[in-house]
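Position 1 is the first residue of the sequence; numbering continues from there.
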Amino acid sequence: AALDILKHMAADRVELNRVTFNSAVSACAKGGQWAQALALLVDMEAALVQLDVITYSAAVTACEKSGEWAPALMLLWESSSRHVDLDTIIYSAAVGACAKGGQWAQAMGLLSEMRSVGVELDSVTYGAAVSACE
């Protein structure tokens, strides 16, 4: 439904901006529609809309809900390489994606990376890491 609204907005010549795109990516995250979320990131770039930590966090969360750990890590790497300020939320979602994908070593590596770059680990992060080890 969110993607349909974006199409209608574009057809009605309503400006698609970071807020509208981020809302659509977040809607995809809630539904676990990771492929659609990634497609929206491509659409954002085509529309010359800058992706931010909210965009990437929502896309990584969409991957997490589907257990798609490899795209989640790719998004984390991409956001970092674009100098997006990564936070606890995006890292926790990536750890959760690794947990759901059975990638405990990757999850532990992310915890180590968070410490080394000074990102706070919280109960959500640790909970996801514990799940990865089960």
Q | Closest non-hydrogen atom pair between T125 and V95, with its separation | A | O-CG1, 4.0 Å
Q. Does the side chain of I90 come within less than 4.5 Å of L76's, by heavy atoms?
A. yes
(Q) Could you tell me if D122 and T88 have a donor-acceptor pair between their side chains, going purely by distance under 3.5 Å? (A) no
Q. Given the rule that I, L, V, M, F, W and Y join up when any side-chain heavy atoms are under 4.5 Å apart, are M114 and Y126 in one cluster?
A. yes
Q: Kindly say whether L16 contributes a backbone atom to a donor-acceptor pair with the side chain of T20 at under 3.5 angstrom?
A: no
Q. Could you walk me through whether C133 and M108 pass the side-chain contact (heavy atoms from CB on, under 4.5 Å) check?
A. CA-CA 9 Å; C133 296; M108 296 302 108; 3.7 Å; yes
(Q) Ignoring hydrogens, what is the shortest heavy-atom contact between Q106 and C98? Give both atom names and the distance. (A) CB-SG, 3.6 Å
Q. Is any NZ, NE, NH1 or NH2 atom of the basic residue among R82 and E45 found under 4.0 Å from an Asp or Glu carboxylate oxygen of the other?
A. yes
Q: For I89, look at atom CD1 and say whether over 12 heavy atoms of other residues, nucleotides or ligands are found less than 6.0 Å away.
A: no
**Q.** Minimum heavy-atom distance C63-P71, with the two atoms named
**A.** SG-CB, 3.8 Å
(Q) Do D43 and V49 have side chains that approach each other closer than 4.5 Å (heavy atoms only, starting at C-beta)? (A) no
Q: List the steps, then state whether side-chain contact (heavy atoms from CB on, under 4.5 Å) holds for L38 with W34.
A: CA-CA 6 Å; L38 297 184; W34 69 276; 3.6 Å; yes
Q.
If we count only N and O atoms by modelled type, under 3.5 Å, do the side chains of N22 and D52 hold a donor and an acceptor together?
A. yes
Q. Which heavy-atom pair separates W69 from G101 by the least distance, and what is that distance?
A. CD1-CA, 3.8 Å
Q: Give a yes or no on whether L86 and L111 share a hydrophobic cluster (residues Ile, Leu, Val, Met, Phe, Trp, Tyr; joining criterion: side-chain heavy atoms under 4.5 Å apart).
A: yes
Q: Start with the C-alpha gap between T55 and F21, add the side-chain angles, then the distance that decides, and say whether side-chain contact (heavy atoms from CB on, under 4.5 Å) holds.
A: CA-CA 8 Å; T55 313; F21 273 113; over 6 Å; no
(Q) Applying side-chain contact (heavy atoms from CB on, under 4.5 Å) to V53 and S79, what does each step give before you reach the verdict? (A) CA-CA 8 Å; V53 70; S79 60; over 6 Å; no
Q: Taking all heavy atoms of A29 and all of A58, pick out the closest pair and write down the distance.
A: CB-O, 3.2 Å
Q.
So, taking the atom named CD in Q33 and the one named NZ in K65, what distance separates them when rounded to the nearest 0.5 Å?
A. 11.5 Å
(Q) Checking the side chain of S57 only, and the main-chain atoms of I54 only, is there a donor and an acceptor separated by less than 3.5 Å? (A) no
(Q) Do V124 and L73 land in one hydrophobic cluster if side-chain heavy atoms of ILVMFWY residues count as linked below 4.5 Å? (A) no
(Q) Is there a path of hydrophobic side-chain contacts, each under 4.5 Å between heavy atoms of I/L/V/M/F/W/Y residues, joining V42 to L51? (A) no
**Q.** Rounded distance [0.5 Å steps], CD in Q50 versus CZ in R18
**A.** 5.0 Å
**Q.** Heavy-atom closest contact (A37 atom, V25 atom, distance)
**A.** CB-CG1, 4.2 Å
